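Read through the structure below, which is laid out as structure tokens, and then see the notes.
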Number of protein chains: 2
Amino acid sequence: MAKRPTIKDVATKAGVSVATVSFVLNNASGQPIGKAVRDRVQKAAQRLNYQPNASAAHLARRRTRHVAIALYEEESLLSNSFYSRVVEGALKQALERDYHLLFSYLKSDYRGRNDLPAVITQRNTEGVLFIKRLVPAMVADISAIGVPIVAIDHYPPSPLVGSVSMDNRRGGELAAEHLRELGHEQLVVIAGGLDRTSIADRAHGFSDALHRWGYLRNRRQPLWKSNSLTFEGGYAAATKGLQKYPGTTGLFCVNDEMAAGAIRAAHELGYKVPQRLSVVGFDDIDMAKYLDPPLTTIGVDKLELGRRAMSQLLDQIEGRAARVIEERVGVQLVVRGSTAQVSKRKAKQPIA
Amino acid sequence: MAKRPTIKDVATKAGVSVATVSFVLNNASGQPIGKAVRDRVQKAAQRLNYQPNASAAHLARRRTRHVAIALYEEESLLSNSFYSRVVEGALKQALERDYHLLFSYLKSDYRGRNDLPAVITQRNTEGVLFIKRLVPAMVADISAIGVPIVAIDHYPPSPLVGSVSMDNRRGGELAAEHLRELGHEQLVVIAGGLDRTSIADRAHGFSDALHRWGYLRNRRQPLWKSNSLTFEGGYAAATKGLQKYPGTTGLFCVNDEMAAGAIRAAHELGYKVPQRLSVVGFDDIDMAKYLDPPLTTIGVDKLELGRRAMSQLLDQIEGRAARVIEERVGVQLVVRGSTAQVSKRKAKQPIA
DNA sequence: CTGAAAGCGCTTACAG
DNA sequence: CTGAAAGCGCTTACAG
């Protein structure tokens, strides 16, 4: 690397002190600097192609403008079609406010402060973003150091962190409303991971809506459980369920991957989607529109989720926000090809 | 943030000088330090929960251990199902070698050194990773500063950068071999973006293989052009092509998204895949296995792509690699449900 | 309106 | 084997 000019070089060239250079380059308010001097300094900096050394500035300011994001090794959130967009939103927001996002991978076990990621302890991170899962002990330790935390779509709940999530409950309601308007009366929810707040809320939103309409007056909401929130999980649950309850006409899957699996299962059992079975998913991941048929689902602005979280975190860092706000971003029904008016002849058996 | 202990506190507590603390904590070789002193220092650091301040160390060492990755605003590489894994691999490799990856978004126009991203100029980035596309003028400027560059799957080619790509040519060959073994004789390539080296190589690998077998002796390789490498692009190209050449039995799409679009088009035209039409894609993105039928495709280890690139970059930074190496990672055929033995009755019309 | 100087918390020749 | 001291390149009271 060629020898980079320092603030001293600029000062010499402009014929002023380094302090003055620092003031004009940082637009220090309160320091009234003459227009002429200002111009001279700027010209000199320009000509020398001067760029301040960030490390030195960080040290002197005792601020790094670094923010960390915690990822879990096993989950590869970064290549997850939902969370990668969330991360993208958070990253963009950070960059726009001149912060840098440092990524950190966490081990699944946490045994105390010594396990805190180096990013947080050494790099003087000013705030931490968590996605999806929270490790309470770690949260407590980070919080104790005085570093603010914001979590996105997380569980378990924690009073120590600010949070941003989507309106899962409302999403469930929207799904229910949609299927109801299409005349469905044999509705089931396919879900897994109900310990996660966001997932449970989706399922509850759905059945609460049906309750409200008296649809569930004399019965319980049928729930087909899956042991994972994946394509395979949805496939297995739907296969088993449809064989047992062939009269089902509408399926609400708590995420799109499961919905994709359910559609595959339905096809293999000879159900036509949507003619014979309507399916609605949740998340509106990229794949949704490429499924056959394209999936009706509940959409969320994933970038916004990330942006809002980062924004709240930076506000906390800069002291212009109270700690621990709970934000919620809206959700909307995206109607595509996997749902349709319920067919009149209520076939009790699959058509196949 | 609570007042953090400094190296001075550790020195005081251990009864040694700060120099000694620095030496033992950094395991400085060449500095023979007594076991007893070493222990005392370590104990003191432990007890104080001392963590060195990274900014100060960077400043003193004139090294940041920061590496940048350049992303383009319009492309959202981070939520692309292919590149997000590549990024993940690069990130993990960096972290494992104790570097930090700084993300930077680039504007599409570059007009000179002033447009160099702040991450590179201010943060003292020690190396830069490019993905997919290269802006030659920017590459030249970064290179001129003496900062090494490595690019992944990039175009246009550049003598200034190290590179890692997958063996696209071999991938094309594998696709051809596979379809040939299944007895296909009406083969077409669906491609777009042939200005990209990697894409062109895929198509060439495919037709070269056919040439070699004499398959193309008396004809040219049919190519259905698409104006984008997307689902929609593949859909449009296949729709048009299949209507014009209904006898086609095998399709090689230069990426999976196009293949997904082609399958959709085929279905809508009444072609059964794979009974009537075999389709092979390229990349093996997540979606591939969830398509109906699951897609036969050419797989690449995307994480490895990222890891190797980062590894090469760090080697260059640390001076243990020559500049500008060209690496290539292997590729393999992943057979799933979208390809089958060519059917005997050579229907000239779609079955629908 | 501007400058001299201390200080941020490390590293690293250098001297002993 | 260990310490005193200069230096990395900034920022920021403080004094004028």
Side-chain angles (χ1 to χ4, degrees), chain A residues 1-42 44-45 48-66 98 118 121-124 126, chain B residues 1-42 44-45 48-66 98 118 121-124 126:
Chain A
M1 224 183 286
K3 182 140 232 81
R4 292 173 36 148
T6 71
I7 195 172
K8 220 165 182 169
D9 300 320
V10 179
T12 309
K13 180 142 193 149
V16 297
S17 75
V18 298
T20 304
V21 174
S22 176
F23 290 142
V24 348
L25 261 26
N26 290 309
N27 263 309
S29 57
Q31 288 290 341
I33 304 224
K35 175 101 176 62
V37 176
R38 190 179 297 278
D39 283 353
R40 244 187 310 143
V41 170
Q42 260 146 6
L48 290 174
N49 218 297
Y50 169 73
Q51 297 289 154
N53 176 312
S55 301
H58 292 164
L59 179 58
R61 287 200 184 109
R62 264 147 303 207
R63 285 208 50 192
T64 55
R65 301 191 83 87
H66 284 328
D98 197 25
T121 54
Q122 289 189 26
R123 301 263 165 163
N124 305 60
E126 302 190 47
Chain B
M1 226 183 283
K3 183 140 233 81
R4 292 174 36 149
T6 71
I7 195 172
K8 220 166 183 170
D9 299 320
V10 179
T12 309
K13 180 141 192 149
V16 298
S17 74
V18 298
T20 304
V21 174
S22 175
F23 290 142
V24 349
L25 261 26
N26 290 310
N27 264 309
S29 57
Q31 288 289 342
I33 304 225
K35 174 99 176 61
V37 176
R38 191 180 295 279
D39 282 354
R40 246 188 310 145
V41 170
Q42 260 147 4
L48 289 173
N49 218 293
Y50 170 72
Q51 297 290 152
N53 175 312
S55 302
H58 293 165
L59 179 58
R61 288 200 184 112
R62 265 148 302 213
R63 284 207 52 193
T64 56
R65 301 192 82 87
H66 283 329
D98 197 25
T121 53
Q122 289 188 25
R123 301 262 166 164
N124 306 62
E126 303 190 45

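Both backbone and side-chain heavy atoms feed into the values below; hydrogens, waters and symmetry mates do not. Letters A, B, ... are given to chains in the order of the sequence lines, protein chains preceding strands, and every chain is numbered from 1. Keep in mind the model is a prediction, meaning the values are calculated, not measured.
Between the CZ atom of B/F23 and the P atom of C/dT11 there is a distance of 9 Å, given to the nearest Å. When rounded to the nearest whole Å, the span between OH of A/Y50 and P of D/dG9 equals 10 Å. Per the geometry, CG belonging to A/L25 stands 11 Å off C1' belonging to D/dC10, to the nearest Å. What separates NE2 of A/H58 from C1' of D/dT11 is a distance of 13 Å, to the nearest Å. Taking atom CD1 of residue A/I7 and atom P of nucleotide C/dA4, one finds them 14 Å apart after rounding to whole Å. Between B/R62 atom CZ and D/dC10 atom C1' there is a gap of 14 Å when expressed in whole angstrom units. The distance between atom NZ of A/K8 and atom P of C/dG3, rounded to the nearest whole Å, is 15 Å. Here C/dC1 presents its C1' atom at 12 Å from CZ of A/R40, a figure rounded to the nearest Å.
The side chain of B/N53 contributes no N or O atom lying less than 4.0 Å from OP1 or OP2 of C/dC8. Phosphate proximity of C/dG3 to A/T20: present, with a side-chain N or O under 4.0 Å from OP1 or OP2. OP1 or OP2 of C/dC10 has not a single side-chain nitrogen or oxygen of B/S22 nearer than 4.0 Å.
A donor-acceptor pair is defined here as one N or O able to donate and one able to accept, closer than 3.5 Å; such a pair exists between the side chain of A/D9 and the backbone of A/T6. Panel note: side chain B/S22, backbone B/V18; no donor-acceptor pair is recorded below 3.5 Å.
For B/H66 and B/H58, the ring centers sit closer than 6.0 Å to each other.
Under the Watson-Crick or G-U wobble criterion, with both distances below 3.5 Å, D/dG16 is paired with C/dC1.
Each of B/V16 and B/R61 was assigned the nucleotide of DNA chain D with the nearest heavy atom; the assignment lying further toward the 5' end belongs to B/V16.
Of the candidate nucleotides D/dT11, C/dT2, D/dG3, C/dT2 has the atom nearest to the side chain of A/V37. Taking the side chain of A/A56 as heavy atoms from C-beta on, and the options C/dG9, D/dT11, D/dC10, the nearest nucleotide is D/dC10. Minimum atom distance to the side chain of A/A19 is reached by C/dA5, of the listed C/dA5, D/dC10, D/dA5.
Here B/T6 lies in heavy-atom contact (under 4.0 Å) with sugar-phosphate atoms only.
Smallest separation of non-hydrogen atoms from B/A44 and B/K13: CB-CG, 3.8 Å.
Separation of atoms CD (B/Q51) and CD1 (B/I7) is listed at 12.5 Å; rounding is to 0.5 Å.
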